[in-house]
Structure formats: structure tokens, C-alpha cells
Asker: 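Take a look at this one; I'll ask things after.
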Amino acid sequence: MANRFSLLTCSAVLALQLAVPNLAQAQEEPFVPETLTAKEMVDPGPKVFVNVQNWGGGPSVVRFYSADDLRVVGTADAGAQSHFAISADGKTVYIVSGYYSRLSSGTAEHVLRIFDTDTASLTKEVQLPVKVSQYTDDASLMQLSADEKYLYVQNATPATSVTVVDLEKGEVVQEVPSPGCFGIYPSLKGHAYSTICGDGTFTTMTLSADGATFESQKSDTIFDPEEDPIYLSFDRAGADLLFISYKGVVHRLSDAGGIIKAVSATPIAESVEGDWGTSGYTVVSYNEPNGILFVPMASGRHDGSHYHDAEEIWAYDLENKKLLYRTPVEGITSVITTDEEVPTLFGLDIGGGKVVKFEVDPEAKFAAKPVAENATKGFTTTLAARQ
């Protein structure tokens, strides 16, 4: 029995020696830890920018995706409940958000942070009054002036106002009060912007050259806020502003004269069975070369359904007032199109946490086909595309 045990022991030792490399030799080779590095430059090419607000408690980020295949190519830290804007050339991203000593409470700071999109690096910070609207993001809550000299930031304390930042000086030049009005819609020339008011009118603020003073003008009634409110979401068709109501009425407005004036009101769902209405957050995106408006829509519209997921994306010929195509979708709440002859459409699915790329076929009445997607990992709200 003892001999058998010794034989088994020797066999085990021999097996261990065969299985394990020479320990002395292994100890002589020094351990070299892996060095983590980051790419100095973001991959070139057109990009899609997505604001991920992360209302669950974590920090927000603005994520850069390649517009070609939706690979993540960069990120910018965005604090808490952020809003963002992109320069016309796509080279700069402006992010406004809150920073709190106890994450969701404590000492507060509201800060404008400016990032270079070629490197995803921070280039400048500007302290703001602690008044920024901490609200689900919308492009209308933060806008650049036409010449990108000023940045306009929506405030709510809950009193509403707009902080004007001189980007050349890197400082706040004034706060413009706008009681009962919300949203920022800059003029195409000069330093003016309009805002939607709760009585169905718009007020236009015209700033002085140095941004220190302003004059205001109020429009006639544009929409009925009780019967059919409009979204904050907007786009431009030529020189005109486009808004859409909960019931799917497209309001085309002119701000060329320094005050908002109605141009037309087009109900796009009036003759479609199923009580269809606009559905989502970024719900107005206009392709200029073809005159096509893309709108996320859902059936069975009722009070409170305007932020539900879309069931279809409609391609609507605004000039000829004709619904061309209804693309079935699931979960889409925001859409944005490129301004190309053959447009590309991008959509956000908040519930599913993803961004989706659609190919659009002008020969098939602007039908849209999903061709790529990627996760956004958080409460995704607003997207912007730059070529």
C-alpha cells in the first residue's frame, strides 16, 4: 500500500513538472505592464453627434459617431442634464450642463464647455449663472447666432430667460428675460432670435452689436396652445422656420422682417385614417434639395401621446403638399436628415438605447431602409449630423 502511494505521488509530481514551465526561467523574465494610450485625432469624415443625458444618475456625454457605419469615434464629457450645439463647420461642440458637489444636490455650477471635435479635447470653459434649464434636451435650448459670435442658452428657475455668451471674449454679456416664453430660434442674419410664448405667439429679441442690450417685438397669434400646441423642435426651409403641432400641422413662419409672421399651415395627417399625430422629440427635419420633410408619426393620437415612440417615419413633399411614403419603424423618437440630393436619415431610439442609420431612396418616394445601428447607453435625446 505504501509502495502504491509512493508510485502515485511520483506520477503526480512528474505530471506537474511536465505541465508547468520552468519556474526559475519564468521568474527571470520581468513583467511588463500594458500601457494604455488614446488616439490623438478623431477619425476623419462626417459625423453624427448624440447627447446622452443619463438621467439615471451617471454623467452625461456627447458621443461622436462615424456617419458612415455608426462606429463611436469620440466622446466629450457633458456633466448633468446637458444641452449641446455644433458649429456650422462641425469642428466645435458647445456643451452646457450642471455640476453638483453631491451628484444630484449640493453646491451647483453651470458651465459652458467647448470641445474641438478633431481631437475630442476641451479647449475652453465659461462659467454661467446657475439658471440653465435642466430639461430633456432639445436643439432649441441652446443655439448659436448666425455668425457664431454669440451662444444663446435657455434658462428656467422656473422664470424663463436666455443667457447670452460672447464666444470671442469667453464671457457672459447679459441675461435676456423672456417671461412665459421658451425655446431659442436664431435669425439667419444679425443677432436676433425668436421664442415661443404660452399664448400662441412668438417674441423676437434683437440684440445690439455688443450684445449688451436688446429690443423685443411680439407677433400675432400663430397657433392655438389649447387645441393644438407646437413642439420646440424646428428646422428651416429656405429662409423660413418650420414647426409642427401635436396633430401634425406644419407651421411655416418667416422671421425675415424682425418679427415672426405666418406663411402657411399644412395639416399632413388630415386625410390619413387612424388619428395619426406627431410623435417624439426631434420631429421636424427638412431635406432642402428635394423639399422633403421627415416626421416621426404614431396612430391613435391622444393628449399626452406626443412623446411616444413613432410607428412610422413620413416623407412629406412640403411644396406639393403630398404624403409620399410611410416607413414602418419601432422605437424611433427623433430624426434628422442630411441636406443631400440622396439624403441619409438618422434616428434615435430612446427606449432601445440606440442610434440608427437609414438609407433613403428618392426613386422610391423617399422610403427609408435601416442599414446600421449602434448603442447609445443612456437616456438619449438629441442628435445632430455634420458632413
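When a residue number appears, it is its place in the shown sequence, counting from 1.
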Asker: For S101 and T107, indicate whether the former's side chain and the latter's backbone hold a donor-acceptor pair under 3.5 Å.
Answerer: yes
Asker: Calculate, to the nearest 0.5 Å, the distance between atoms NZ and CG belonging to K189 and D147 respectively.
Answerer: 13.0 Å
Asker: Should the pair Y152 and Y193 be assigned to parallel (<30°), tilted (30 to 60°) or perpendicular (>60°) ring geometry?
Answerer: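 The rings of Y152 and Y193 sit tilted, inter-plane angle from 30° to 60°.
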Asker: Do T213 and S208 meet the criterion of a side-chain donor-acceptor pair at a distance under 3.5 Å?
Answerer: yes
Asker: Rounded to the nearest 0.5 Å, how far does OG1 of T278 lie from CH2 of W314?
Answerer: 8.5 Å
Asker: Check the pair F84, F49 against ring pair (Phe, Tyr, Trp, His ring centres under 6.0 Å), reporting the backbone distance first and the verdict last.
Answerer: CA-CA 9 Å; F84 82 114; F49 300 87; 7.0 Å; no
Asker: Hey, what do you get for CG (L383) to OG (S334), rounding to the nearest 0.5 Å?
Answerer: 6.0 Å
Asker: Output a table of donor-acceptor pairs, distance under 3.5 Å, between side-chain atoms of residues 289-300 and any protein atom two or more places apart or on a different chain; print 'none' if there are none.
Answerer:
{"from": "N290", "atom 1": "ND2", "to": "N287", "atom 2": "OD1", "distance (Å)": "2.7"}
{"from": "N290", "atom 1": "ND2", "to": "E341", "atom 2": "O", "distance (Å)": "2.9"}
{"from": "S299", "atom 1": "OG", "to": "E311", "atom 2": "OE1", "distance (Å)": "3.0"}
{"from": "S299", "atom 1": "OG", "to": "E311", "atom 2": "OE2", "distance (Å)": "3.1"}

Asker: Do the non-hydrogen side-chain atoms of Y150 and L167 ever get within less than 4.5 Å of each other?
Answerer: no
Asker: Looking at NZ of K322 and CD1 of I268, how far apart are the two atoms once the value is rounded to the nearest 0.5 Å?
Answerer: 15.0 Å
Asker: Decide yes or no on ring pair (Phe, Tyr, Trp, His ring centres under 6.0 Å) for Y246 and H306, but give the supporting numbers first.
Answerer: CA-CA 6 Å; Y246 293 4; H306 54 288; 4.1 Å; yes
Asker: Look only at the side chain of T337 and the backbone of Y286, and say whether a donor-acceptor pair between them is shorter than 3.5 Å.
Answerer: no
Asker: Is a donor on one side and an acceptor on the other found under 3.5 Å between the side chain of S254 and the backbone of D240?
Answerer: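 Checking the backbone N and O of D240 against the side chain of S254, no donor-acceptor pair under 3.5 Å is found.
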Asker: Can you tell me how far apart OG (S97) and CZ (R113) are? Round to the nearest 0.5 Å.
Answerer: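 So the gap between those two atoms works out to 7.0 Å.
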Asker: Any salt bridge linking K247 with D275? Criterion: basic side-chain nitrogen under 4.0 Å from a carboxylate oxygen.
Answerer: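 So K247 does not pair with D275 through a salt bridge.
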Asker: Under a 4.5 Å side-chain heavy-atom rule over Ile, Leu, Val, Met, Phe, Trp and Tyr, are V96 and I184 clustered together?
Answerer: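 Looking at the clustering, I184 is in a separate group from V96.
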Asker: Between D317 and K365 (salt bridge meaning N to carboxylate O under 4.0 Å), is one present in this structure?
Answerer: no
Asker: For residues V50 and V62, determine if any side-chain heavy atom of one lies less than 4.5 Å from a side-chain heavy atom of the other.
Answerer: no
Asker: Kindly indicate whether the side chain of L232, heavy atoms from C-beta on, has any atom under 4.5 Å from the side chain of F243.
Answerer: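 No; the side chains remain at least 4.5 Å from each other.
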Asker: Look at the side chain of T338 and the backbone N and O of P343, then say whether any donor-acceptor pair between them is shorter than 3.5 Å.
Answerer: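 Such a contact is absent between T338 side chain and P343 backbone.
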Asker: Does CG belonging to D220 count more than 12 external heavy atoms closer than 6.0 Å?
Answerer: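 12 or below, so no.
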Asker: Hydrogens and angles aside, do S161 and E175 bring a side-chain donor and acceptor to less than 3.5 Å of each other?
Answerer: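 Yes.
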Asker: What is the distance from atom CG of D77 to atom OH of Y99, rounded to the nearest 0.5 Å?
Answerer: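 Here the interatomic distance stands at 4.5 Å.
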Asker: Between K91 and D118, is there a salt bridge with N-O shorter than 4.0 Å?
Answerer: yes
Asker: Do L241 and I260 have side-chain heavy atoms sitting under 4.5 Å apart?
Answerer: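 Side-chain contact under 4.5 Å: yes.
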Asker: Cut-off 3.5 Å, side chains only: do N155 and T163 have a donor facing an acceptor?
Answerer: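 A pair is found: one side chain offers a donor N or O, the other an acceptor, under 3.5 Å apart.
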Asker: Would F358 and F346 count as a ring pair (Phe, Tyr, Trp, His ring centres under 6.0 Å) if you check the C-alpha gap in whole Å, the side-chain angles of each, and the deciding distance to 0.1 Å?
Answerer: CA-CA 6 Å; F358 297 86; F346 297 95; 8.7 Å; no
Asker: Taking the basic N atoms (NZ, or NE/NH1/NH2) and the acidic carboxylate oxygens, is any pair closer than 4.0 Å for R236 and D255?
Answerer: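 Yes.
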